[in-house]
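Some notes on the structure that comes next.
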Amino acid sequence: MSATPERSAVDSVDVLSPADTSVDVAQDVADLYKDGITARKGVFSAAWADRLREDIETAFEEARSRPGGAVGRGPHRYYVEIHPEQLRGFLELVDHPWVRSLATAVLGPDYRIVELGFDVPLEGAVNQPWHRDFPVPEHTRTERRLTSLAFNLTAVDTAPDMGPFEIAPGTQWDEEPDFAHGMFPPCERYRRYEQLAVCKYPQRGDISVRSALAIHRGTKNESAKSRPVLVLGLDGPEAHNADRHDAAVTRGFWDSLPQRVRRHLHCPVVDELTPITQKHTIEGLVMGAP
């Protein structure tokens, strides 16, 4: 794998400055607890998102060239985890004041960056089964408290025929005694999720954040275009999603990061990066079923 790529300064941020240390996210936190999702539009420039797409396309081509590099999330749909330095905009993303402020407000000052990856629904991708990304943690079940967050950034302008992301707001609190693997509700529950469902049409530069426990799915891609989406996963101290991820950084990249980012990036510092073999086997198996 190549060494640290050339990195660039952020192109544009809306009313927020990277120098800010705190942003008012009270309404975002309220929305997360109520709906399981919130977002801000135009946080990054279209040019920043275009570089994001270039980096995803490079990593996707490499991942599909080797066994275990990409895992299926259904027909013509893939997930790939990458190392932070494969993304030129990594620092601008994780150090953005809205990201830092919201992560701190929800997860506490000791939140950890545990996942960097992307989903790619290609032409012909079908509706996924309704699901959450992992079983409900005990702290969430007993204390009704979110212990992880998933930030999403689209690399393209989403159109209705491109298989938009669909979420059932408020379902992060749903009990799951009958969910397969704690993640996949039975078909008898689908009618409720379809009644609640909201499709999202983010554009380049937009950013959203959600509880991965809120019931959601990718929908069928009826266009000839792919719809790559970056995923940044954060854990609070009580969560253990890092066990499913294998990101690492080289010493040079680690040394280039400010301390306020390094304190949240708990991953090995290595001399040379090793391509990641994906671990999301249950999701791949269930979502790949006819």
Side-chain angles (χ1 to χ4, degrees), residues 32-33 35-38 68 70-74 77-82 102-103 106-108 110-121 127-153 165-187 189-190 192-193 196-197 200 208-218 229-247 264-267 276-289:
L32 272 169
Y33 270 81
D35 297 329
I37 190 169
T38 189
V71 65
R73 287 284 183 84
R77 189 187 301 269
Y78 296 90
Y79 171 81
V80 175
E81 181 182 3
I82 59 175
L102 189 54
V106 176
L107 305 177
D110 297 321
Y111 69 86
R112 291 166 289 137
I113 300 166
V114 298
E115 176 187 12
L116 186 69
F118 55 84
D119 285 298
V120 183
N127 287 343
Q128 290 180 315
W130 290 103
H131 65 282
R132 54 177 40 132
D133 290 345
F134 45 81
V136 177
E138 191 59 29
H139 288 283
T140 301
R141 189 189 316 279
T142 59
E143 302 172 26
R144 208 171 176 84
R145 179 163 56 87
L146 299 179
T147 60
S148 65
L149 293 173
F151 290 83
N152 292 136
L153 298 95
F165 177 80
E166 196 171 33
I167 189 168
T171 54
Q172 67 272 22
W173 310 118
D174 280 15
E175 295 293 333
E176 81 301 355
D178 54 350
F179 282 25
H181 307 290
M183 296 185 288
F184 296 91
C187 293
R189 294 204 186 195
Y190 278 21
R192 174 170 173 260
Y193 302 135
L196 291 171
K200 300 296 183 179
S208 67
V209 61
R210 60 188 172 89
S211 166
L213 298 173
I215 306 300
H216 61 277
R217 66 178 179 177
V229 178
L230 188 75
V231 181
L232 172 70
L234 305 183
D235 271 2
E238 313 91 335
H240 301 284
N241 292 303
D243 297 344
R244 308 167 68 200
H245 302 289
D246 288 318
H264 300 295
L265 188 59
H266 295 198
C267 67
I276 296 174
T277 298
Q278 311 304 322
K279 291 182 176 180
H280 294 254
T281 53
I282 292 177
E283 297 97 314
L285 176 65
V286 176
M287 294 184 192

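Two residues are said to be in side-chain contact when any heavy atoms from C-beta on lie closer than 4.5 Å; Leu196 and Ile215 fail this criterion. Between Ser148 and Thr140, every side-chain heavy-atom pair lies at or beyond the 4.5 Å cut-off. Within the 4.5 Å cutoff, the side chain of Pro129 has heavy atoms near those of the Tyr190 side chain. Residues Arg141 and Glu175 are in side-chain contact: their nearest non-hydrogen atoms beyond the backbone lie under 4.5 Å apart. A heavy-atom distance below 4.5 Å is found between the side chains of Lys200 and Ile37. Inter-residue side-chain proximity for Phe134 and Leu213 is flagged as met; some heavy-atom pair is nearer than 4.5 Å. Leu234 places none of its side-chain heavy atoms less than 4.5 Å from the side chain of Val209. You'll find the side chain of Phe179 reaches within 4.5 Å of the side chain of Pro186, heavy atoms only.
Proximity of a side-chain donor or acceptor of Arg112 to a complementary backbone N or O of Gly236 within less than 3.5 Å is detected. A donor-acceptor pair under 3.5 Å is formed between the side chain of Arg132 and the backbone N or O of Thr171. Side chain of Glu81 to backbone of Glu115: no donor-acceptor contact under 3.5 angstrom is found. A donor-acceptor pair under 3.5 Å is formed between the side chain of His216 and the backbone N or O of Ala214.
Relative orientation of the Tyr193 and Trp130 rings is tilted, given thresholds of 30° and 60° on the angle between their planes.
Using a cutoff of 4.0 Å between basic side-chain nitrogens and carboxylate oxygens, Asp174 and Arg192 are scored as salt-bridged. Under 4.0 Å is where a charged nitrogen must lie from a carboxylate oxygen, and between Arg189 and Glu176 no such pair does.
Considering Arg217, Arg73, Arg77 in turn, Arg73 is the only one that fulfils the salt bridge (charged side-chain N to carboxylate O under 4.0 Å, His left out) rule with Asp119.
Between Asp35 atom CG and Ser211 atom OG the span is 11.5 Å, to the nearest 0.5 Å. Interatomic distance, CG of Asn241 versus CG of Asp133, reported as 9.0 Å (0.5 Å rounding). Between Leu149 atom CG and Thr38 atom OG1 the span is 11.0 Å, to the nearest 0.5 Å. Atom CG of Leu146 is separated from atom CH2 of Trp173 by 4.0 Å, given to the nearest 0.5 angstrom. Here the CG atom belonging to Asp110 is positioned 8.0 Å from the NE2 atom belonging to His264, to the nearest 0.5 angstrom. Considering OG1 of Thr277 and CG of Asp246, their distance stands at 8.0 Å, rounded to 0.5 Å.
Shown here for Tyr33 and Gln172, the closest heavy-atom pair between the two residues is O-NE2, 3.0 Å. Shown here for Pro137 and Thr147, the closest heavy-atom pair between the two residues is CG-OG1, 3.9 Å. Between Gln128 and Gly218, the closest heavy-atom pair is OE1-N, 2.7 Å.
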Residues Asn152, Val231; criterion side-chain contact (heavy atoms from CB on, under 4.5 Å); working and verdict: CA-CA 5 Å; Asn152 292 136; Val231 181; 3.5 Å; yes
Pair Val114-His266, side-chain contact (heavy atoms from CB on, under 4.5 Å): steps then yes or no: CA-CA 7 Å; Val114 298; His266 295 198; over 6 Å; no
